[in-house]
Amino acid sequence: MLSFKSLGARYTVMILSGLILFGLGTVAGFYINGVSVPPETQIMELPSPPEAEQNVATVDVQAVARITATTQIKWMCGFSTCGHEIEAGAESELIGMSEAEVKSACPGYQVTEFSQAHVILKKNVEGYCPQHFILKLAGDELHVLQTDKATLKSVEVMKIELDAAKLSEEVRTELEKGLPFDDLEQINAYFEAAES
């Protein structure tokens, strides 16, 4: 025999089970299909007023990195013949400049790093760096040359007079092109080896 209480409890369980299954089906449907807004309910984007565009432009100009008094600036020179790099002296004042302004103010340099904290400018130079001595024959004189760090030009360190006629054609050709040495002692050792 069925009692009213047991029948009511069954209906309640069935209704609750149905509602739970309906809710799970709805959630699964949204998950599978994704939630999309019908086109008629989409929010229209209004054009921004002109003064808002001006504010955006002002923010963009202020966002450009500039060199400050605390920016570490390195002026580097790379030498093509020996491959060495040295740090050179500053060539101009750059405080307050952006990267584009630095490029136009320093035409012989490449900007290899640019931030408010660090700027590295590099110049490529033909020849040997100041760490080398170049022995070069001109007429009957041997010139010992070295690149000046300030001007990046070869300057004469000393002259050595000799009888060029006593040199072999091979040695003469080498010296006319210029021979690099790391120090003056190596030049002395070269002459001692050539005399023996």
Side-chain angles (χ1 to χ4, degrees), residues 57-196:
T58 303
V59 170
D60 287 343
V61 169
Q62 293 173 351
V64 173
R66 295 199 174 272
I67 296 175
T68 65
T70 59
T71 304
Q72 292 179 352
I73 302 171
K74 283 190 178 180
W75 298 80
M76 302 298 293
C77 290
F79 293 85
S80 63
T81 309
C82 64
H84 294 144
E85 285 187 3
I86 63 165
E87 191 169 343
E91 292 197 10
S92 62
E93 183 63 39
L94 304 176
I95 294 176
M97 291 188 183
S98 67
E99 183 174 359
E101 292 167 335
V102 168
K103 285 179 180 178
S104 66
C106 306
Y109 285 87
Q110 295 173 328
V111 179
T112 59
E113 183 180 328
F114 192 94
S115 69
Q116 197 167 352
H118 297 87
V119 174
I120 299 176
L121 298 136
K122 185 177 177 187
K123 180 181 197 175
N124 292 320
V125 179
E126 293 293 322
Y128 290 95
C129 73
Q131 297 172 2
H132 300 285
F133 292 93
I134 311 304
L135 187 61
K136 194 165 187 166
L137 179 66
D140 279 343
E141 293 180 329
L142 277 174
H143 299 270
V144 178
L145 307 171
Q146 186 178 27
T147 302
D148 182 10
K149 189 174 181 178
T151 64
L152 302 177
K153 306 242 185 250
S154 288
V155 293
E156 186 174 87
V157 176
M158 70 173 69
K159 270 188 212 179
I160 303 170
E161 291 190 31
L162 78 142
D163 185 7
K166 292 182 180 178
L167 298 173
S168 70
E169 189 62 36
E170 181 183 334
V171 170
R172 187 180 185 87
T173 304
E174 283 181 338
L175 290 172
E176 285 173 349
K177 290 179 185 176
L179 287 176
F181 295 92
D182 291 335
D183 55 44
L184 295 174
E185 287 80 25
Q186 286 183 345
I187 292 175
N188 287 335
Y190 174 78
F191 282 121
E192 289 173 5
E195 288 176 359
S196 58

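In plain terms, the two heavy atoms of C129 and H84 that are nearest each other are SG-ND1, 3.4 Å. Between H118 and T71, the shortest heavy-atom distance links the atoms N-CG2, 4.1 Å. Minimum heavy-atom separation, L162 to E141: CD2-C, 4.4 Å.
Considering only residues two or more places apart in sequence or on other chains, E185 meets the side chain to side chain contact (heavy atoms under 4.5 Å, CB included) condition with D183. With sequence neighbours left out, E85 forms a salt bridge (charged side-chain N to carboxylate O under 4.0 Å, His left out) with K122. For F114, there are no ring-ring contact (aromatic ring centres under 6.0 Å, His included) partners, not counting sequence neighbours. With sequence neighbours excluded, the residues that form a salt bridge (charged side-chain N to carboxylate O under 4.0 Å, His left out) with E99 are K103.
With rounding to the nearest 0.5 angstrom, the CG atom of L184 is 8.0 Å from the CD atom of Q146. From T68, atom OG1 reaches atom CD1 of I95 across 7.5 Å, with rounding to the nearest 0.5 Å. Separation of atoms CD (E113) and CD1 (I73) is listed at 12.0 Å; rounding is to 0.5 Å. To the nearest 0.5 Å, atom CG of residue L175 and atom CG of residue L142 are 5.5 Å apart.
Inter-residue side-chain proximity for R66 and E101 is flagged as met; some heavy-atom pair is nearer than 4.5 Å. Under the 4.5 Å side-chain criterion, counting only non-hydrogen atoms from C-beta, L152 is in contact with C77. At least one side-chain heavy atom of F79 sits under 4.5 Å from a side-chain heavy atom of P130.
Atom CD of E170 has 12 or fewer neighbouring heavy atoms from other residues, nucleotides or ligands inside a 6.0 Å radius. For E156, the CD atom counts as densely surrounded, since its 6.0 Å shell holds more than 12 non-hydrogen atoms of other residues, nucleotides or ligands.
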Go through the steps for L121 and L94 under the test side chain to side chain contact (heavy atoms under 4.5 Å, CB included), then give the verdict. CA-CA 11 Å; L121 298 136; L94 304 176; 3.8 Å; yes
Apply side chain to side chain contact (heavy atoms under 4.5 Å, CB included) to K153 and D148, showing your working. CA-CA 6 Å; K153 306 242 185 250; D148 182 10; 5.5 Å; no
For H132 and T147, run side chain to side chain contact (heavy atoms under 4.5 Å, CB included): C-alpha distance rounded to whole Å, both residues' side-chain angles, the deciding distance at 0.1 Å, then the answer. CA-CA 8 Å; H132 300 285; T147 302; over 6 Å; no
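Contacts classified as ring pair (Phe, Tyr, Trp, His ring centres under 6.0 Å) and involving residues 149-189 (residues at least two apart or in different chains) are given here: F181-Y190. Annotation: ring pair (Phe, Tyr, Trp, His ring centres under 6.0 Å) contacts involving residues 88-112, sequence neighbours excluded, comprise W75-Y109.
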